[in-house]
Each structure stands twice: as C-alpha cells, then as structure tokens.
Amino acid sequence: MPRPSLLLSLLTLLTLLTAAPLPAIGYRPLPHLRPNSSDLRFGDSKKYEGSSDFVHLRYHMGPVLTGSITVHTIWYGQWQKSQKKIIREFIGSFSAVNAKHPSVAGWWDTVRLYTDQTGANISRTVRLGEQKNDRFYSHGKSLTRLSIQSVIESAVTAKTKPLPINPSNGLYLLLTSDDVYVEDFCGQVCGFHYFTFPSIVGYTLPFAWVGNSAKLCPGICAYPFAVPEYMQGLKPLKSPNGDVGVDGMISVIGHEVAELATNPLVNAWYAGQDPVAPVEIADLCEGIYGTGGGGSYTGQLLNGKDGATYNMNGIRRRYLVQWLWNHVVSYCTGPNALDQ
C-alpha cells in the first residue's frame with residue numbers, strides 16, 4: 001500500500017493534470033462574457049465605463065512582476081524574418097519612453113499602476129530575452145494545452161542554447177506559425193496565459209501562447225484587419241505592418257503580457273470568484289482600441305498617410321493594441337484616448 005506522502009503526491013499530480021487551465025482569452029471581434037462575469041455589470045457606455053461598484057477587480061495578495069521583466073520567446077514552426085522583427089520590435093517598445101505619442105510605453109503605463117502587497121509597482125522595464133527556434137515542429141502541428149508546456153520544457157532543457165530559467169521575472173512566450181493548430185484555437189481562444197507545472201517542465205514559469213491566425217481564422221483573431229464572413233458589408237482595415245496575421249497577433253501578445261505581469265500565478269489581480277477562469281485587466285477591455293469603443297466598434301483610431309490603421313507608436317513601427325482596465329479611474333484606458 002502506498003505511503004500517505006506518496007498518495008498525496010499522486011493526488012496533487014492528478015489534480016494538476018486533470019484540471020486543464022482555462023486561461024485568459026485573447027482578442028475576439030466581439031466582447032464575450034467570461035465564466036466569472038456574473039458579477040460584472042456594464043452600463044450603456046460604449047467605453048464600458050463603470051465604477052468599481054460594478055467591476056469587482058480585486059487584488060488577491062499574490063505576486064506581480066515588480067522586477068525588470070524579461071520575455072523569452074519560442075518561435076514554433078516556420079517564421080519569416082520580417083514577421084519576427086515586427087514582434088520583437090513590439091516587445092522592445094514597452095520600455096521605449098521616448099517613442100512618439102501615443103506610444104506602446106504609454107500603454108504599458110496602465111499596467112504599471114498595479115502593485116503588490118508592499119505597494120511596489122509593476123516594472124517599467126520590459127526587455128526581449130533569449131529566443132529559441134523550433135522550426136521542425138518538435139511536438140507536431142497540433143498542440144494541446146498540456147503539450148504546449150512540453151514545448152516549453154524542450155526549450156528550457158535543450159542541449160544547445162536552452163532558454164534560461166527565470167521563475168521570478170521571466171515570461172515565456174510561445175508563438176506558433178500559421179500552419180499550427182492549438183487546442184481551442186479560433187473557436188474559443190486566440191491566445192492564453194498560465195504557468196507551467198513542475199511535473200512537466202520542472203519549474204513554475206509564467207507563460208503565454210499566441211497563434212498566427214492568418215490561415216485558420218483571421219476574421220476572428222486578426223480582426224479588424226480581417227472580417228468574419230457573418231459580418232457582411234464590413235471592410236477590413238489596412239494593417240500597419242503589412243502582415244494581417246502578425247499584426248493581429250500583436251494585440252493578443254499585449255493582452256497576455258499585461259495579464260502575466262499583473263497575475264502571473266493566477267492569484268493576484270482579477271475579477272470573479274474562480275482563479276482557474278479569472279477575468280483580468282485585458283479581458284475587461286477586449287475589442288476597445290480607442291475612445292467610444294465597444295461591441296464591434298473599435299473606437300476612434302489613427303490613420304497613416306499610407307491608409308494603415310493603428311492606435312500607438314513603437315520604436316520604429318505602428319501597432320494596434322487593445323486598451324486595458326485602469327483600476328484607479330475604473331474604466332478602460334489607452335494612450336490614444338481623446339481626453340488625454
């Protein structure tokens with residue numbers, strides 16, 4: 001008969017493996033209520049403005065990322081150099097305080113308003129860390145939520161140039177190419193975040209996955225640069241970097257990194273009663289990119305001379321990134337707001 005300690009270990013492992021994570025959903029073309037959103041009540045404002053009496057975003061005493069944040073990237077599948085450059089420069093723009101207004105760094109200022117139990121703010125410094133290429137699809141072209149963790153395990157234990165282990169201030173970003181399907185991709189999620197299980201990876205590491213939807217579902221995960229078939233008569237907007245799939249990924253990456261910073265272990269900032277399916281600071285503002293946004297209307301955006309649509313500037317590029325919930329003023333905010 002197994003010892004009690006062994007039984008406890010087996011039960012713990014079984015719980016981790018059977019309780020499949022239901023992480024935050026990436027961008028969807030229309031706002032979708034979450035499993036915990038019964039305690040969210042939105043008024044008639046397209047901005048989803050409401051007081052903290054209606055949106056119960058709370059701090060649950062868990063850690064947030066107050067030290068310098070390093071984003072380690074795994075490129076899974078076939079990626080063009082130009083695609084990687086768009087994404088790398090976006091991540092590099094989080095701390096680029098001298099970028100032209102409205103800026104990605106100004107967008108990150110909303111994330112920095114969140115604190116831990118000591119009152120320390122989330123770090124201003126976000127930098128691109130080590131990168132790992134998995135161009136031969138080491139775990140196939142169809143991934144489950146758990147096999148995603150196996151991809152990360154392969155990257156951090158690789159015999160050559162493994163990704164560094166940084167549980168406290170490292171984020172692990174798994175990006176899948178447009179020919180890779182991930183469990184629930186397109187139907188329910190465009191990206192998600194959670195943390196790795198020690199039983200699979202060997203460490204507890206905050207991570208996010210975001211997929212390139214160009215071939216599978218651009219009308220869902222790359223909206224408004226592509227439009228779903230049921231929205232007849234609506235024309236897609238021109239993407240700022242000339243790549244519909246990657247430009248669509250940018251907002252989802254921003255969504256997930258913002259939530260990883262404020263809720264890395266799913267016990268810090270979120271609304272709702274169940275930490276397994278939390279409503280987080282980006283979930284509350286899905287589909288809102290500018291003043292007046294809500295529903296299928298993105299809000300007031302910026303248009304370049306080339307006809308491209310965006311709402312903020314990076315180091316050298318323009319991007320369209322969703323707004324975030326500001327718990328100080330209790331509504332969604334972004335650097336391109338007309339009242340700023």
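What you see is a predicted model, and the numbers here were worked out from it, not measured in a lab.
- Put simply, M312 and I87 are part of the same group of oily side chains (I, L, V, M, F, W, Y) that touch within less than 4.5 Å, one to the next.
- Taken from OH in Y76 to CZ in R135, the straight-line distance is 13.5 Å, to the nearest 0.5 Å.
- The two residues G292 and Y297 come nearest to each other via the heavy atoms O-CD2, 3.3 Å.
- With respect to the salt-bridge test (charged N to carboxylate O, under 4.0 angstrom), the residues K141 and D179 qualify.
- Side-chain atoms of S138 and S154 include no donor-acceptor pair closer than 3.5 Å.
- Annotation: E130, atom CD; neighbour count of heavy atoms from other residues, nucleotides and ligands within 6.0 Å does not exceed 12.
- For the residue pair P63 and A268, the shortest heavy atom distance occurs at O-CB, 3.6 Å.
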* side chain to side chain donor-acceptor pair (under 3.5 Å) assessment of W108 paired with S95 -> CA-CA 8 Å; W108 186 252; S95 300; 5.9 Å; no
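- Legend: residues meeting salt bridge (charged side-chain N to carboxylate O under 4.0 Å, His left out) with D134, ordered by chain and number and at least two apart, are absent.
- The same ILVMFWY cluster, assembled from side-chain heavy atoms under 4.5 Å apart, contains both I281 and M61.
- Y137 and V151 fall within a single hydrophobic cluster, where Ile, Leu, Val, Met, Phe, Trp and Tyr side chains are chained together by heavy-atom contacts under 4.5 Å.
- Checked against the 6.0 Å centroid criterion, the rings of F207 and H193 do not qualify as a close aromatic pair.
- Taking E89 as the reference, R316, R317 meet the salt bridge (charged side-chain N to carboxylate O under 4.0 Å, His left out) condition, with sequence neighbours excluded.
- Shown here for L301 and T298, the closest heavy-atom pair between the two residues is CD1-OG1, 3.3 Å.
- For the pair N303 (side chain) and G307 (backbone), a donor-acceptor distance under 3.5 Å is absent.
- Partners of F90 according to the ring-ring contact (aromatic ring centres under 6.0 Å, His included) rule, which considers only residues two or more places apart in sequence or in another chain, are F94, Y319.
- Residues I165 and I148 share a hydrophobic cluster, clusters being chains of Ile/Leu/Val/Met/Phe/Trp/Tyr side chains in contact below 4.5 Å.
- Side-chain contact between V246 and S82 is absent, with no heavy-atom pair separated by less than 4.5 Å.
- Counting only N and O atoms by type, the side chains of H255 and Q322 include a donor and acceptor under 3.5 Å apart.
- Of all non-hydrogen atoms in A214 and G245, the two that sit nearest each other are CB-CA, 3.9 Å.
- Ion pairing between R318 and D306 holds under the 4.0 Å rule for side-chain N and carboxylate O.
- Residues forming a ring-ring contact (aromatic ring centres under 6.0 Å, His included) with Y203 (at least two apart in sequence, or on another chain): none.
- In this structure, L265 is a member of the same hydrophobic cluster as Y194, with clusters built from ILVMFWY side-chain heavy atoms closer than 4.5 Å.
- The closest donor-acceptor contact from the side chain of Q149 to the backbone of V201 lies at 3.5 Å or more, if one exists at all.
- Counting only distance, with no hydrogens or angles, the side chain of D178 and the backbone of N212 share no donor-acceptor pair below 3.5 Å.
- Paired with E183 under the rule side chain to side chain contact (heavy atoms under 4.5 Å, CB included), one option of L146, L143, V189, T144 passes, and it is T144.
- N263 CG to L57 CG: the interatomic distance, rounded to the nearest 0.5 Å, is 9.0 Å.
- No donor-acceptor pair closer than 3.5 Å links the side chain of S103 to the backbone N or O of N313.
- Between the side chain of E259 and the main chain of D283, a donor-acceptor pair closer than 3.5 Å is present.
- Note that OG1 of T157 is 11.5 Å distant from CD1 of I152, once rounded to the nearest 0.5 Å.
- In this structure a side-chain-to-backbone donor-acceptor pair under 3.5 Å is missing from Q300 to L338.
- For the atom pair I122 CD1 and W269 CH2, the distance stands at 9.0 Å (nearest 0.5 Å).
- Contact detail for N326 and V329: the closest heavy-atom pair is OD1-N, 3.3 Å.
- Side-chain atoms of E256 do not come within 3.5 Å of backbone N or O of V210 as any donor-acceptor pair.
- Between Y59 and H327 the shortest side-chain heavy-atom distance does not fall below 4.5 Å.
- Partner of N336 under the side-chain hydrogen bond (donor to acceptor under 3.5 Å, both in side chains) criterion, chosen from Y310, W323, W107: W323.
- Listed by chain and number, the residues in a salt bridge (charged side-chain N to carboxylate O under 4.0 Å, His left out) with R124 are D109 (sequence neighbours excluded).
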For residues 166-175, run the donor-acceptor check on the side chains, cut-off 3.5 Å, and write out each pair with its distance to 0.1 Å, sequence neighbours left out.
{"from": "N166", "atom 1": "OD1", "to": "S168", "atom 2": "OG", "distance (Å)": "3.4"}
{"from": "N166", "atom 1": "OD1", "to": "N169", "atom 2": "N", "distance (Å)": "3.3"}
{"from": "N169", "atom 1": "OD1", "to": "G67", "atom 2": "N", "distance (Å)": "3.4"}
{"from": "Y172", "atom 1": "OH", "to": "P164", "atom 2": "O", "distance (Å)": "2.5"}
{"from": "Y172", "atom 1": "OH", "to": "N166", "atom 2": "N", "distance (Å)": "2.8"}

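- In this model, C332 has its SG atom within less than 2.5 Å of the SG atom of C285.
- For Y114 and W325, the ring centers sit 6.0 Å or farther from each other.
- Because its NZ or CZ atom is both nearer than 6.0 Å to the ring centre of F192 and within 45° of the ring axis, R145 counts as a cation-pi partner of that residue.
- Using modelled atom types, one finds no donor on one side chain facing an acceptor on the other under 3.5 Å when comparing K161 with N133.
- To the nearest 0.5 Å, atoms CD (Q80) and OG (S177) are separated by 10.5 Å.
- Atom OG of S93 sits about 9.0 Å away from atom CD1 of I250, to the nearest 0.5 Å.
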